[in-house]
Amino acid sequence: MKSNFYERVYTVTAEIPEGKVATYGLIARWLGKPRGARAVGWALRDVPTDLHIPAHRVIYRDGSLAASEVFGGFGIQKERLIAEGVPFKDDDHVDMKAAVWEGPLHVVDE
DNA sequence: TTGGTGACGGGGA
DNA sequence: ATCCCCGCCACCA
(Lines give C-alpha, C1' and ligand atoms only; values in the text may rest on other atoms or scores of the structure.)
Protein backbone atom coordinates (compact mmCIF):
# COMPACT_ATOMS: atom_id res chain seq x y z
CA MET A 1 0.00 0.00 0.00
CA LYS A 2 1.44 3.30 -0.98
CA SER A 3 0.55 5.98 1.50
CA ASN A 4 2.34 8.29 -0.91
CA PHE A 5 -0.31 10.70 -2.11
CA TYR A 6 1.90 12.07 -4.86
CA GLU A 7 2.33 8.67 -6.48
CA ARG A 8 -1.39 8.06 -6.50
CA VAL A 9 -1.93 11.43 -8.16
CA TYR A 10 0.66 10.58 -10.81
CA THR A 11 -0.86 7.16 -11.41
CA VAL A 12 -4.32 8.52 -12.10
CA THR A 13 -3.03 11.48 -14.11
CA ALA A 14 -1.02 9.13 -16.29
CA GLU A 15 -4.27 7.38 -17.22
CA ILE A 16 -5.97 10.47 -18.63
CA PRO A 17 -6.37 9.65 -22.35
CA GLU A 18 -5.30 11.97 -25.15
CA GLY A 19 -7.99 14.44 -26.11
CA LYS A 20 -9.44 14.33 -22.61
CA VAL A 21 -8.87 16.36 -19.46
CA ALA A 22 -9.53 16.11 -15.72
CA THR A 23 -9.74 18.64 -12.92
CA TYR A 24 -7.82 18.84 -9.67
CA GLY A 25 -10.99 18.27 -7.69
CA LEU A 26 -12.02 15.29 -9.81
CA ILE A 27 -8.68 13.57 -9.29
CA ALA A 28 -8.87 14.26 -5.57
CA ARG A 29 -12.30 12.67 -5.57
CA TRP A 30 -11.09 9.57 -7.42
CA LEU A 31 -8.36 9.27 -4.81
CA GLY A 32 -10.86 9.31 -1.99
CA LYS A 33 -10.04 12.86 -0.92
CA PRO A 34 -13.02 14.99 -2.05
CA ARG A 35 -11.48 18.07 -0.45
CA GLY A 36 -7.93 17.44 -1.54
CA ALA A 37 -7.91 19.45 -4.75
CA ARG A 38 -5.17 21.75 -3.51
CA ALA A 39 -3.05 18.79 -2.54
CA VAL A 40 -3.43 17.44 -6.08
CA GLY A 41 -2.26 20.72 -7.50
CA TRP A 42 0.69 20.58 -5.14
CA ALA A 43 1.57 17.09 -6.26
CA LEU A 44 1.40 18.00 -9.95
CA ARG A 45 3.67 20.95 -9.28
CA ASP A 46 6.44 18.55 -8.33
CA VAL A 47 5.99 15.99 -11.13
CA PRO A 48 9.41 14.65 -12.21
CA THR A 49 9.54 15.51 -15.92
CA ASP A 50 11.17 12.18 -16.70
CA LEU A 51 8.02 10.32 -15.69
CA HIS A 52 6.23 11.71 -18.75
CA ILE A 53 3.07 12.48 -16.81
CA PRO A 54 0.46 14.40 -18.89
CA ALA A 55 -0.01 16.99 -16.17
CA HIS A 56 -1.15 19.52 -18.76
CA ARG A 57 -4.42 17.56 -19.01
CA VAL A 58 -5.36 18.59 -15.49
CA ILE A 59 -7.18 21.91 -15.46
CA TYR A 60 -9.59 23.97 -13.38
CA ARG A 61 -13.20 23.08 -12.73
CA ASP A 62 -14.39 25.90 -15.00
CA GLY A 63 -12.25 24.79 -17.92
CA SER A 64 -9.58 27.45 -17.56
CA LEU A 65 -5.90 26.49 -17.63
CA ALA A 66 -3.06 26.86 -15.15
CA ALA A 67 -1.05 30.08 -14.82
CA SER A 68 0.70 30.84 -18.10
CA GLU A 69 4.18 30.47 -16.59
CA VAL A 70 3.57 26.99 -15.22
CA PHE A 71 4.25 25.00 -18.39
CA GLY A 72 7.26 26.91 -19.51
CA GLY A 73 5.64 29.75 -21.34
CA PHE A 74 2.55 31.63 -22.40
CA GLY A 75 0.06 29.35 -24.16
CA ILE A 76 2.14 26.18 -23.97
CA GLN A 77 -0.47 24.16 -22.12
CA LYS A 78 -3.19 25.32 -24.50
CA GLU A 79 -1.14 24.40 -27.55
CA ARG A 80 -0.43 20.94 -26.24
CA LEU A 81 -4.11 20.32 -25.49
CA ILE A 82 -5.19 21.53 -28.91
CA ALA A 83 -2.55 19.32 -30.50
CA GLU A 84 -4.18 16.37 -28.76
CA GLY A 85 -7.60 17.31 -30.00
CA VAL A 86 -9.10 18.73 -26.82
CA PRO A 87 -12.14 20.86 -27.76
CA PHE A 88 -12.19 24.47 -26.55
CA LYS A 89 -15.28 26.49 -25.69
CA ASP A 90 -13.45 29.76 -26.29
CA ASP A 91 -9.88 31.12 -26.32
CA ASP A 92 -9.09 30.14 -22.77
CA HIS A 93 -11.67 27.59 -21.71
CA VAL A 94 -11.83 23.91 -22.54
CA ASP A 95 -15.24 22.56 -23.50
CA MET A 96 -15.63 20.58 -20.30
CA LYS A 97 -18.89 18.96 -21.30
CA ALA A 98 -17.11 17.28 -24.19
CA ALA A 99 -13.56 16.87 -22.90
CA VAL A 100 -13.76 15.77 -19.29
CA TRP A 101 -12.53 12.24 -18.74
CA GLU A 102 -15.01 9.91 -17.08
CA GLY A 103 -12.32 8.82 -14.67
CA PRO A 104 -10.66 5.49 -13.86
CA LEU A 105 -13.10 2.60 -14.09
CA HIS A 106 -11.30 0.88 -11.27
CA VAL A 107 -11.10 1.83 -7.63
CA VAL A 108 -7.98 3.70 -6.65
CA ASP A 109 -6.79 2.26 -3.37
CA GLU A 110 -5.57 4.45 -0.60
C1' DT B 1 4.46 19.62 16.72
C1' DT B 2 3.33 24.08 14.61
C1' DG B 3 2.61 27.08 11.12
C1' DG B 4 2.98 28.83 6.38
C1' DT B 5 1.93 27.74 1.56
C1' DG B 6 -0.42 26.85 -2.96
C1' DA B 7 -1.18 24.26 -10.55
C1' DC B 8 -8.28 24.20 -5.77
C1' DG B 9 -13.28 24.59 -5.15
C1' DG B 10 -17.66 26.37 -3.68
C1' DG B 11 -20.63 29.99 -2.16
C1' DG B 12 -22.08 34.69 -1.80
C1' DA B 13 -22.42 39.63 -3.45
C1' DA C 1 -18.36 36.94 -15.49
C1' DT C 2 -15.39 38.88 -11.39
C1' DC C 3 -13.87 39.42 -6.72
C1' DC C 4 -13.55 37.88 -2.15
C1' DC C 5 -13.49 34.76 1.61
C1' DC C 6 -13.01 30.44 3.75
C1' DG C 7 -12.33 25.45 4.33
C1' DC C 8 -9.32 21.47 2.98
C1' DC C 9 -4.91 18.81 2.38
C1' DA C 10 -0.16 17.15 1.99
C1' DC C 11 4.59 19.13 2.46
C1' DC C 12 8.47 21.01 4.50
C1' DA C 13 11.11 23.97 7.62
Side-chain angles (χ1 to χ4, degrees):
Chain A
M1 86 181 216
K2 49 185 66 171
S3 56
N4 193 305
F5 186 74
Y6 278 25
E7 276 190 45
R8 294 201 289 136
V9 171
Y10 300 158
T11 299
V12 177
T13 302
E15 292 178 48
I16 302 174
E18 255 186 57
K20 290 292 182 179
V21 296
T23 71
Y24 303 95
L26 237 26
I27 290 177
R29 199 173 103 58
W30 295 329
L31 261 37
K33 307 288 182 181
R35 307 297 164 238
R38 300 188 81 162
V40 171
W42 191 302
L44 292 178
R45 194 187 73 165
D46 294 340
V47 175
T49 56
D50 48 298
L51 291 185
H52 303 144
I53 300 296
H56 60 290
R57 294 178 189 155
V58 183
I59 63 181
Y60 290 90
R61 185 91 176 86
D62 66 358
S64 55
L65 310 183
S68 57
E69 316 74 50
V70 180
F71 287 95
F74 189 76
I76 298 300
Q77 180 177 24
K78 180 182 175 184
E79 288 177 34
R80 295 187 63 180
L81 291 176
I82 290 179
E84 299 179 352
V86 173
F88 275 66
K89 186 181 174 68
D90 59 51
D91 289 323
D92 39 42
H93 289 79
V94 170
D95 180 346
M96 300 305 273
K97 194 176 191 301
V100 176
W101 180 39
E102 309 77 8
L105 302 180
H106 60 83
V107 177
V108 180
D109 297 324
E110 305 232 1

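Proteins get letters first, then strands, A, B, ... in listed order; numbering begins at 1 in each.
- Scored by the side chain to side chain donor-acceptor pair (under 3.5 Å) test, A:Thr49 finds no partners at all (sequence neighbours excluded).
- Using a 4.0 Å heavy-atom criterion, one finds that A:Ala28 contacts no nucleic acid atom at all.
- Every residue meeting the side chain to side chain contact (heavy atoms under 4.5 Å, CB included) condition with A:Asp46, not counting sequence neighbours, appears here in chain and number order: A:Tyr6, A:Tyr10, A:Trp42.
- Rounded to an integer number of Å, the gap from CZ of A:Arg29 to P of C:dC9 is 16 Å.
- Taking Ile, Leu, Val, Met, Phe, Trp and Tyr as hydrophobic and joining them when side-chain heavy atoms fall under 4.5 Å apart, one finds A:Phe71 in a cluster with A:Val70, A:Ile76.
- The two residues A:Met96 and A:Val21 make their nearest non-hydrogen contact at SD-CG2, 4.4 Å.
- In this view, A:Ala98 and A:Pro87, A:Asp95 satisfy the side chain to side chain contact (heavy atoms under 4.5 Å, CB included) rule, not counting sequence neighbours.
- Using a 4.0 Å cut-off, no side-chain N or O of A:Lys33 falls inside it from OP1 or OP2 of C:dC8.
- Listed by first and then second residue, the ring pair (Phe, Tyr, Trp, His ring centres under 6.0 Å) pairs that reach into residues 19-38 of chain A are A:Tyr24-A:Tyr60, A:Trp30-A:Trp101, sequence neighbours excluded.
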query: How would nucleotides 8-13 of chain B be written as a contact map, 5' to 3', with B for base contact, S for sugar-phosphate-only contact and - for no contact, using protein heavy atoms under 4.0 Å?
result: BSS---
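- Listed by first and then second residue, the salt bridge (charged side-chain N to carboxylate O under 4.0 Å, His left out) pairs involving residues 62-72 of chain A amount to none (not counting sequence neighbours).
- A:Gln77 places a side-chain N or O within 3.5 Å of a backbone atom of A:Ala66 that can act as its donor or acceptor partner.
- Within residues 89-103 of chain A, no residue has any heavy atom closer than 4.0 Å to DNA chain B.
- Separating the CZ atom of A:Arg45 from the C1' atom of B:dT5 is a distance of 8 Å, rounded to the nearest angstrom.
- When the side chain to side chain donor-acceptor pair (under 3.5 Å) test is applied to A:Glu15, the partners found at least two apart in sequence or on another chain are A:His106.
- Of the residues in residues 73-88 of chain A, not one comes within less than 4.0 Å of DNA chain C through any heavy atom.
- Within the structure, side chain to side chain donor-acceptor pair (under 3.5 Å) pairs that include any residue of residues 83-94 of chain A comprise A:His56-A:Glu84, A:Arg57-A:Glu84, A:Asp90-A:His93 (at least two apart or interchain).
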